[in-house]
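In listed order, ligands and their atoms are each counted from 1. A quick note: this is a predicted structure, and the numbers were derived from the prediction, not measured.
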Amino acid sequence: MLKGKSLIEPMDLSVEEIDEILGLAEEIIKNPEEYSQVCRGKILATLFYEPSTRTRLSFEAAMLRLGGNVMGFSSGESSSAAKGESVADTIRTIACYADIVAMRHPKEGAPLVAAMKADIPVINAGDGGHQHPTQTLTDLLTIKTLKGKLNNFTIGLCGDLKFGRTVHSLIKALSRYENINFILISPEELVVPEYIREIMVKKNINFKEVERLENVMEELDVLYMTRVQKERFFNEADYIRLKDSYILDKEKLKNAKEDMIIMHPLPRVNEISVEVDDDPRAAYFKQTKCGMYARMALIMKLLGVEK
Ligand code: NCD
């Protein structure tokens with residue numbers, strides 16, 4: 001039963017629950033009109049203490065397309081956080097007004113604190129360099145839609161694997177599906193955190209860590225590019241040195257499989273050259289669209305509303 005639950009990280013959902021959410025998202029994609037009023041009278045609050053385009057607006061679009069209403073703030077500066085209010089107090093207040101909350105915060109664990117204090121579902125929309133479970137639902141829906149399965153493939157995750165929360169959540173989630181090979185492509189300074197590596201080791205999952213994208217390109221069924229997370233660096237010089245470690249262009253795709261898909265949670269900075277956008281393998285804008293449907297399904301499940 002998902003009704004009333006909060007979603008802080010992918011492991012809060014069983015594989016069956018994830019499949020249920022993705023199944024509902026696929027239904028909504030097929031028959032959007034049938035779902036256009038299911039959240040009538042319900043309110044989603046989006047509490048965003050960090051910049052966002054896709055995640056916040058796709059949550060809002062999701063709720064509006066379900067017939068519900070939205071309210072919220074898009075920076076900590078425009079909320080009482082600027083006066084020093086704690087997340088715990090803010091969430092108690094918002095829980096008086098809204099039925100469900102999506103929260104993004106620069107501090108790891110802030111949405112978990114909120115979930116513990118709130119009597120309504122809280123969805124983690126990204127906490128620092130930690131987790132981003134709704135991007136993962138988005139990514140899983142994209143892979144399922146475009147590859148027709150969530151097992152038996154090789155995925156290359158490339159870029160900032162240290163601070164990239166979308167990568168951490170996606171590895172966690174995929175670690176429970178059958179026969180996924182992970183190829184982790186990053187500069188040495190930006191390898192995955194130890195707790196993520198441990199998950200793969202403990203579960204005996206096939207993975208390797210490499211530095212050069214070109215060397216593994218031909219093995220990949222899915223290539224997941226990521227941005228170097230500027231806002232998490234302590235040192236500007238390190239960011240400048242590492243920011244253009246990978247730039248995917250047509251030349252680098254020469255050895256890629258015909259049916260590989262290229263994903264990116266976006267925003268992109270330089271990691272994917274715009275010349276790749278016309279390649280039939282480029283899936284990142286389709287992925288963005290999947291995000292809205294995945295969030296529609298999630299909101300319905302957590303609120304316990306049905307068609
Ligand atoms: C990602 C994020 O915020 O973690 N973006 C997103 O939610 N679509 C990735 C990023 O900012 O690089």
(message) Between Glu60 and Arg56, is the salt bridge (Lys or Arg N to Asp or Glu O under 4.0 Å) condition met? List the steps.
(response) CA-CA 6 Å; Glu60 297 192 358; Arg56 185 172 61 85; 3.6 Å; yes

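Close contacts of ligand 1 with Gln135, meaning ligand atoms under 4.0 Å from a residue heavy atom, involve 6 (C), 7 (O), 8 (N). Residue Thr55 approaches ligand 1 through these ligand atoms, each under 4.0 Å from one of its heavy atoms: 6 (C), 7 (O), 8 (N). Within the listing of ligand 1, atoms 2 (C), 4 (O), 6 (C), 7 (O) sit less than 4.0 angstrom from a heavy atom of His132. For ligand 1, the atoms sitting less than 4.0 Å from at least one non-hydrogen atom of Pro265 are 8 (N), 9 (C), numbered in the order shown with element in parentheses.
Using a 4.0 angstrom heavy-atom cutoff, Glu50 does not count as in contact with ligand 1. Pro267 counts as a contact of ligand 1, since one of its heavy atoms falls under 4.0 Å from the ligand.
Because its NZ or CZ atom is not both nearer than 6.0 Å to the ring centre of Phe48 and within 45° of the ring axis, Arg104 does not count as a cation-pi partner of that residue.
For Phe233 and Tyr239, the ring centers are positioned less than 6.0 Å apart.
A salt bridge links Arg165 to Glu50: one of the charged nitrogens lies within less than 4.0 Å of a carboxylate oxygen.
Looking at atom 4 (O) of ligand 1, its nearest protein heavy atom turns out to be Arg165 NE, 2.7 Å. With hydrogens left out, the protein atom closest to atom 11 (O) of ligand 1 is Arg227 NH2, 2.8 Å, a heavy atom. Remark: minimum distance from atom 5 (N) of ligand 1 to any protein heavy atom is reached at Leu266 O, 2.9 Å.
Among the candidates Lys257, Arg281, Lys149, the single residue satisfying the salt bridge (charged side-chain N to carboxylate O under 4.0 Å, His left out) test with Asp221 is Lys257.
Checking only distances, Gln229 does come within under 3.5 Å of ligand 1, N or O to N or O.
In this structure the side chain of Ile18 reaches within 4.5 angstrom of the side chain of Leu137, judged on heavy atoms.
Classification of the His105-Tyr49 ring pair by plane angle, with boundaries at 30° and 60°, yields tilted.
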